[in-house]
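Working notes for the structure below.
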Amino acid sequence: MTQQQESKLAWILALAADKDPAGVAETHAVVIGLLCARPMLDESALAGHLAALQVGELTPEEILEQIGPALSSLKTELASSELQFQLLLPTDDRPLDERTNCLGRWCSGFLTGFGSGQPVLKSEESQDALRMIEQIARATTDADSDQEAEESAYAELTEFLRVAVLLLREESLSHS
């Protein structure tokens with residue numbers, strides 16, 4: 001885990017109501033979803049939305065005080081022309097079923113945050129991306145399947161999500 005990922009994990013843990021990896025992934029995704037739906041939100045408005053969504057048990061003021069700089073960092077990461085954005089998920093040394101569960105919870109969290117931002121999606125491509133994220137939220141593993149194929153599918157899904165998130169953010173920016 002890089003120092004940047006460790007820093008994100010620390011602030012997500014501060015915000016997450018539950019400390020298990022799936023809960024952390026879901027909390028990260030709620031923030032990302034909201035930032036994608038409403039990319040022009042300032043940190044104060046974002047903190048208010050997160051508190052209203054009951055992400056953790058912090059007030060908007062406490063969210064700003066404890067993790068305001070991290071929110072700014074995430075906004076910068078999402079806006080980066082170098083495509084720096086990464087999903088906050090368990091590392092590859094964790095069991096595939098745990099990573100897949102976290103991936104599903106990440107998608108659910110993203111849909112919650114994105115939907116709460118009331119985005120306007122006009123392109124067919126962005127609507128398709130959102131439908132795929134809904135499907136990935138229900139992802140499971142099959143113990144009888146070829147593990148190498150399952151690992152490959154997981155990697156493809158995480159890369160798809162990374163690109164879909166950026167696409168949805170860009171669509172929201174164009175309607176801001």
Side-chain angles (χ1 to χ4, degrees), residues 1-91 102-123 126-127 129-130 133-134 136-137 158-176:
M1 193 177 286
T2 68
Q3 184 170 358
Q4 185 178 15
Q5 287 173 317
E6 287 173 4
S7 170
K8 277 188 216 165
L9 180 58
W11 73 260
I12 289 291
L13 284 172
L15 185 58
D18 114 36
K19 307 295 185 216
D20 77 295
V24 171
E26 186 173 26
T27 300
H28 177 253
V30 169
V31 176
I32 296 298
L34 191 52
L35 284 173
C36 286
R38 305 281 302 274
M40 303 310 287
L41 277 182
D42 66 20
E43 283 74 18
S44 180
L46 179 61
H49 277 282
L50 293 172
L53 286 170
Q54 298 179 335
V55 176
E57 298 177 6
L58 303 174
T59 66
E61 295 76 22
E62 291 169 329
I63 290 173
L64 269 180
E65 182 182 302
Q66 293 184 28
I67 64 169
L71 296 175
S72 294
S73 172
L74 266 183
K75 284 179 71 169
T76 300
E77 186 179 295
L78 281 166
S80 168
S81 60
E82 285 90 43
L83 305 176
Q84 294 176 334
F85 169 70
Q86 295 293 323
L87 284 70
L88 186 59
L89 295 168
T91 57
C102 290
L103 183 69
R105 290 273 302 271
W106 195 97
C107 290
S108 294
F110 178 84
L111 294 169
T112 298
F114 192 73
S116 74
Q118 300 175 325
V120 176
L121 298 179
K122 294 186 177 178
S123 78
S126 63
Q127 291 173 12
L130 200 55
I133 293 171
E134 289 171 352
I136 296 169
T158 56
E159 184 58 24
F160 167 80
L161 283 171
R162 201 172 75 77
V163 172
V165 162
L166 296 172
L167 168 78
L168 291 167
R169 181 186 175 278
E170 287 302 312
E171 172 102 5
S172 295
L173 265 176
S174 71
H175 298 295
S176 293

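All heavy atoms count here, side chains included; hydrogens, waters and symmetry mates do not.
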Please name the pair of heavy atoms, one in Gly117 and one in Arg38, separated by the smallest distance, quoted to 0.1 Å. O-CD, 2.9 Å
Could you pull out all residues at least two apart from Ser44 that satisfy side chain to side chain contact (heavy atoms under 4.5 Å, CB included)? Asp42, Leu64
Among residues at least two apart in sequence or on other chains, which ones pass side chain to side chain donor-acceptor pair (under 3.5 Å) with Glu159? Arg162
Determine whether Leu173 and Met40 make a side-chain contact, defined as any pair of heavy atoms from C-beta on separated by less than 4.5 Å. yes
Taking side chain to side chain donor-acceptor pair (under 3.5 Å) as the cut-off, I'd like each qualifying pair that reaches into residues 109-119, sequence neighbours left out, listed once. none
Leu34 side, atom CG; Leu74 side, atom CG - distance, nearest 0.5 Å: 11.5 Å
Measure across Gln86 and Glu77 and return the closest heavy-atom pair with its distance rounded to 0.1 Å. N-OE2, 3.4 Å
Hey, does Leu46 have a side-chain heavy atom less than 4.5 Å from the side chain of Ile63? no
Listed partners of Pro90 passing side chain to side chain contact (heavy atoms under 4.5 Å, CB included), at least two apart: Pro21, Arg94, Glu98, Arg99, Cys102
Nearest heavy-atom contact between Glu26 and Ser108 is OE2-CB, 4.3 Å
Look at the rings of His28 and Phe85 and say which category their plane angle falls in: under 30° parallel, 30 to 60° tilted, over 60° perpendicular. parallel
Scanning both residues in full, the closest heavy-atom pair of Phe110 with Cys36 reads CE1-SG, 4.0 Å
Residues that Glu82 engages under side chain to side chain contact (heavy atoms under 4.5 Å, CB included), provided they are two or more places apart: Ser80, Gln84
With sequence neighbours left out, the residues meeting salt bridge (charged side-chain N to carboxylate O under 4.0 Å, His left out) with Glu134 are none
Less than 4.5 Å apart, side chain to side chain, heavy atoms only: is that true for Ile136 and Phe160? yes
Write down the atom of Leu71, the atom of Glu43, and the distance for their closest heavy-atom approach. CB-CG, 4.0 Å
Considering all heavy atoms of both residues, which atom of Lys75 and which atom of Pro39 are nearest to each other, and what is their separation? CE-O, 3.9 Å
Beyond-backbone contact of Leu87 with Leu103, side-chain heavy atoms, under 4.5 angstrom: yes
What is the distance from atom CD of Glu170 to atom CG of Leu168, rounded to the nearest 0.5 Å? 10.5 Å
Using the test side chain to side chain contact (heavy atoms under 4.5 Å, CB included), find all partners of Glu61 that sit at least two apart in sequence or belong to another chain. Thr59
Give, for atom CG of Leu89 and atom CG of Leu161, the distance between the pair rounded to the nearest 0.5 Å. 8.5 Å
